[in-house]
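In what follows, a structure is listed as structure tokens, so that the remarks can point back to it.
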Amino acid sequence: MRILTQSTPEGGRSRLPWVVAGIVTLLFGVVAAFGTVQVDPEPLIARTVIEHLALPQGPVTGAGVFFREERFERGDTISALLERLDVDDQDASLLLRSPNATLPFRWLRPGSTVQAKTGEDGTLLSMWFIGGRDQLISIDRAGEGFAASEKPADLERQVTMKSGEIRSSLFSATDAAGLSDGVAAQIADIFAGDIDFHRDLRLGDKFTVIFETFSLLGRPVKTGRVLAAEFINQERSYRAVWFEDTDGHGGYYTPEGKNLRKAFLRSPLEFSRITSGFSMRYHPILKEWRAHRGIDYGAPTGTRVKATSDGTVDFLGRRGGYGKVVVLRHSGGITTIYGHMSRFANGLRRGARVSQGELIGYVGQTGLATGPHLHYEFRVNDQYRNPLKVAFPAARPLSPERLAAFRAVAAPLALQLDLLATTNLALLE
């Protein structure tokens with residue numbers, strides 16, 4: 001047998017054994033590697049590790065400064081408002097003793113939003129709110145006291161759209177939809193000539209409204225005018241669009257240009273209930289049956305009473321069982337009477353001209369009345385008529401030269417109402 005050998009240089013070693021060993025090691029290593037994959041791994045143990053990491057130190061801005069916001073409610077006091085804003089008692093007392101600083105509070109109306117900046121200990125640094133004529137009223141710390149200032153508020157106008165459904169009353173439905181009382185009152189005024197909100201509302205009636213909102217520093221502070229609205233009453237749709245001409249005269253019209261304003265409003269109150277109709281009744285005070293030739297609207301004392309049409313104040317004062325009463329004379333021999341008032345509107349006097357919807361007084365209980373309500377009469381040539389059944393004519397429509405400008409304004413608003421109606425229908429389906 002022949003044996004092959006390989007000679008190496010002197011002092012060197014044979015490299016073959018190392019090469020063979022490397023190949024064998026590599027092969028067994030690969031096999032071992034594949035072998036470990038096929039073996040079931042040992043279960044992993046999960047551990048929660050909590051470490052406190054030091055945050056980088058940097059400058060702290062606004063430390064100890066708090067911004068608070070509260071709504072000034074009906075019957076509220078400045079003292080109670082400051083307490084809700086967490087103003088320190090000493091600063092609150094100091095502010096209330098500063099006549100110049102508290103004078104601007106005369107512009108504070110129920111529903112107004114008041115914002116305040118205070119220190120960590122309740123120190124009052126400043127407070128502000130929107131007052132009359134869209135003025136920003138600011139009260140700021142000045143030395144050992146406070147100083148007030150006012151300037152035009154930089155309000156941002158936006159257009160908002162909302163919808164709602166009647167479950168009990170218009171007022172509760174607008175509350176549920178997040179609408180202000182001002183917007184609710186406008187809805188009632190706009191459709192007052194077609195819908196009697198005391199008698200005609202039905203469960204499931206729907207409304208959609210497009211209106212202005214105004215914000216200050218990104219926060220809404222008040223609502224503005226209703227730009228368009230739709231009210232579906234007993235499955236009949238009523239629509240309105242606001243239009244103002246170049247002379248500054250504005251009103252509500254149907255999308256086709258028909259004037260929604262009627263010669264008379266259906267009711268002199270925005271929200272109330274009818275407690276006695278136009279009929280025979282047993283008088284609760286006189287204890288006898290007699291004709292009741294008007295409509296009684298039950299409402300809390302102080303509810304606003306408005307003129308149902310343009311007219312002139314013919315009488316203002318006390319008159320027998322009517323108590324405090326206002327008599328308005330209108331064109332066409334028509335007279336309207338508003339009785340049992342608690343007080344009259346400021347500045348109202350005999351002979352004064354009033355406009356439809358203008359405030360003339362407040363609900364009360366004067367004269368022969370068992371509870372707070374408004375007695376309303378409608379007479380034509382001194383003949384009593386039922387105001388709930390009189391057919392009132394509409395005001396004059398738009399002139400042909402104004403119709404083109406109106407359509408340019410009304411068309412996009414009508415499209416938005418269509419879009420909202422479609423969206424609401426899709427949500428119901």
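Not measured: the values here are computed from a predicted model.
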| note | With sequence neighbours left out, the residues meeting ring-ring contact (aromatic ring centres under 6.0 Å, His included) with Phe231 are Phe197
| said: Test of understanding: with side-chain contact (heavy atoms from CB on, under 4.5 Å), list the residues that count as partners of Glu212, not counting sequence neighbours. | reply: Arg157, Phe214, Arg225, Leu227
| field | Working for side-chain hydrogen bond (donor to acceptor under 3.5 Å, both in side chains), residues Ser237 and Glu230 | value | CA-CA 7 Å; Ser237 174; Glu230 179 181 31; 2.7 Å; yes
| remark: Heavy-atom nearest pair, Trp107 first then Glu150, reads NE1-OE1, 4.2 Å
| Below 4.5 Å, heavy atoms only, C-beta onward: do Glu144 and Leu94 meet side chain to side chain? | no
| field | Taking every non-hydrogen atom, the tightest pair across Leu374 and Gly339 | value | CD1-O, 3.4 Å
| Quick one: does Leu179's side chain get under 4.5 Å of Phe207's, heavy atoms only? | yes
| field | Any Asp418 side-chain heavy atom under 4.5 Å of Arg239 side chain | value | yes
| request: Would you tell me whether Arg167 and Ser172 have side-chain atoms, one donor and one acceptor, within less than 3.5 Å of each other? | output: no
| query | Counting N and O atoms only, with roles assigned by atom type, does the side chain of Asp121 sit under 3.5 Å from a partner on the main chain of Thr123, one being a donor and the other an acceptor? | reply | yes
| field | For the student: nearest non-hydrogen atoms of Ser180 and Thr223, plus distance | value | OG-OG1, 3.0 Å
| field | Heavy-atom pair with the smallest gap, counting every atom of Gln135 and Pro152 | value | OE1-N, 3.6 Å
| message | Do Phe72 and Ile78 have side chains that approach each other closer than 4.5 Å (heavy atoms only, starting at C-beta)? | response | yes
| request: Apply the test side chain to side chain contact (heavy atoms under 4.5 Å, CB included) to residues Gln416 and Thr208: give CA-CA distance (whole Å), side-chain angles for both, the deciding distance (0.1 Å), then the verdict. | output: CA-CA 10 Å; Gln416 291 182 61; Thr208 300; over 6 Å; no
| Quick check: does any side chain N or O of Thr308 sit under 3.5 Å from a backbone N or O of Leu265, one acting as donor and the other as acceptor? | no
| query | Is the shortest heavy-atom distance from the side chain of Leu124 to the side chain of Leu95 under 4.5 Å? | reply | yes
| Just by distance, do the side chain of Ser342 and the backbone of Val363 share a donor-acceptor pair under 3.5 Å? | yes
| remark: Taken in chain and number order and not counting sequence neighbours, the residues that satisfy ring-ring contact (aromatic ring centres under 6.0 Å, His included) with Phe191 are none
| field | Atom CD of Glu73 with >12 non-hydrogen neighbours under 6.0 angstrom | value | yes
| message | For the CZ atom on Arg84, are there more than 12 heavy atoms of other groups (residues, nucleotides or ligands in this structure) within a distance under 6.0 Å? | response | yes
| Salt bridge Asp76-Arg71, side-chain N to carboxylate O under 4.0 Å | no
| query | With no hydrogens and no angle check, is any side-chain donor or acceptor of His340 less than 3.5 Å from a backbone partner on Gly364? | reply | no
| query | Relative to the ring of Trp128, is the ring of Phe67 parallel (under 30°), tilted (30 to 60°) or perpendicular (over 60°)? | reply | perpendicular
| task | Using modelled atom types only, decide if a donor and an acceptor are shared between the side chain of Lys206 and the backbone of Gly204 within a distance under 3.5 Å. | result | yes
| Got a donor-acceptor contact below 3.5 angstrom from the Gln356 side chain to the Lys262 backbone? | yes
| query | Do you know which two heavy atoms are closest between Leu170 and Ala188, and how far apart they sit? | reply | CD2-CB, 4.1 Å
| message | Whether the side chain of Gln186 engages the backbone of Val226 through a donor-acceptor N/O pair (distance < 3.5 Å, no angle test) should be reported. | response | yes
| Would Arg141 and Asp91 satisfy side chain to side chain contact (heavy atoms under 4.5 Å, CB included), going step by step from the backbone distance to the final call? | CA-CA 10 Å; Arg141 179 171 290 278; Asp91 272 3; 2.4 Å; yes
| Set of side-chain contact (heavy atoms from CB on, under 4.5 Å) partners for Ser399, sequence neighbours left out | Glu401, Arg402
| query | Under the side chain to side chain donor-acceptor pair (under 3.5 Å) test, which residues partner Ser93, sequence neighbours left out? | reply | Arg97
| message | Taking atom CG as the centre, does Asp89 end up with more than 12 heavy-atom neighbours from other residues, nucleotides or ligands that are less than 6.0 angstrom away? | response | no
| Listed by chain and number, what are the ring-ring contact (aromatic ring centres under 6.0 Å, His included) partners of Tyr238, not counting sequence neighbours? | none
| Would a distance-only check, ignoring hydrogens and angles, find a side-chain to backbone donor-acceptor pair under 3.5 Å from Glu377 to Tyr384? | no
| request: Return each pair, listed once, that meets salt bridge (charged side-chain N to carboxylate O under 4.0 Å, His left out) where at least one residue sits in residues 334-362; pairs must be two or more places apart or across chains. | output: none
| Above 12 or not: heavy atoms from other molecules or residues under 6.0 Å from CD of Gln90? | no
| query | Heavy-atom distance under 4.5 Å between the side chains of Asp194 and Arg236, does that happen here? | reply | no
| request: Might you work through the side-chain hydrogen bond (donor to acceptor under 3.5 Å, both in side chains) test for Thr118 and Arg68, ending with a clear yes or no? | output: CA-CA 8 Å; Thr118 65; Arg68 294 182 171 89; 2.6 Å; yes
| query | When you check the side-chain N and O atoms of Gln365 and Thr301, is any donor under 3.5 Å from an acceptor? | reply | no
| query | Can you find a pair of side-chain heavy atoms, one from Val354 and one from Leu348, that are under 4.5 Å apart? | reply | yes
| task | Quick one: list whatever passes salt bridge (charged side-chain N to carboxylate O under 4.0 Å, His left out) with Asp189, sequence neighbours left out. | result | Lys306
| message | Please report the interatomic distance OG(Ser112) to CD1(Ile130), rounded to the nearest 0.5 Å. | response | 9.0 Å
| remark: Residue set satisfying salt bridge (charged side-chain N to carboxylate O under 4.0 Å, His left out) with Asp134, at least two apart, ordered chain then number -> Lys222
| task | Using the side chain to side chain contact (heavy atoms under 4.5 Å, CB included) rule, take Leu398 and Asn259 through it: C-alpha gap first, then chi angles, then the decisive distance, then the call. | result | CA-CA 7 Å; Leu398 287 168; Asn259 199 333; over 6 Å; no
| Can any side-chain N or O of Thr335 pair as donor or acceptor with the backbone N or O of Arg379 at less than 3.5 Å? | no
| message | Using the ring centroid of each side chain, check whether Phe264 and Phe378 are separated by less than 6.0 Å. | response | yes
| message | My understanding is that only residues two or more places apart in sequence, or in another chain, count here; which of them pass ring-ring contact (aromatic ring centres under 6.0 Å, His included) with Trp242? | response | Tyr252
| request: Decide yes or no for Asn386 and Ile295: does some side-chain heavy atom of the first lie under 4.5 Å from some side-chain heavy atom of the second? | output: yes
| request: Take the angle between the ring planes of Tyr338 and Tyr376 and call it parallel below 30°, perpendicular above 60°, tilted in between. | output: tilted
| side chain to side chain donor-acceptor pair (under 3.5 Å) with Ser138: which residues, sequence neighbours excluded? | none
| field | Those residues that, when tested against Gln234, pass side-chain contact (heavy atoms from CB on, under 4.5 Å) (two or more places apart) | value | Asp200, Arg202
| note | Smallest heavy-atom separation, Asp140 atom then Ser126 atom, equals OD1-CB, 3.0 Å
| task | For the pair Arg106 (side chain) and Leu103 (backbone), establish whether a donor and an acceptor sit closer than 3.5 Å, ignoring hydrogens and angles. | result | yes
| message | Distance check, rounded to the nearest 0.5 Å: Leu420 atom CG versus Leu415 atom CG? | response | 11.5 Å
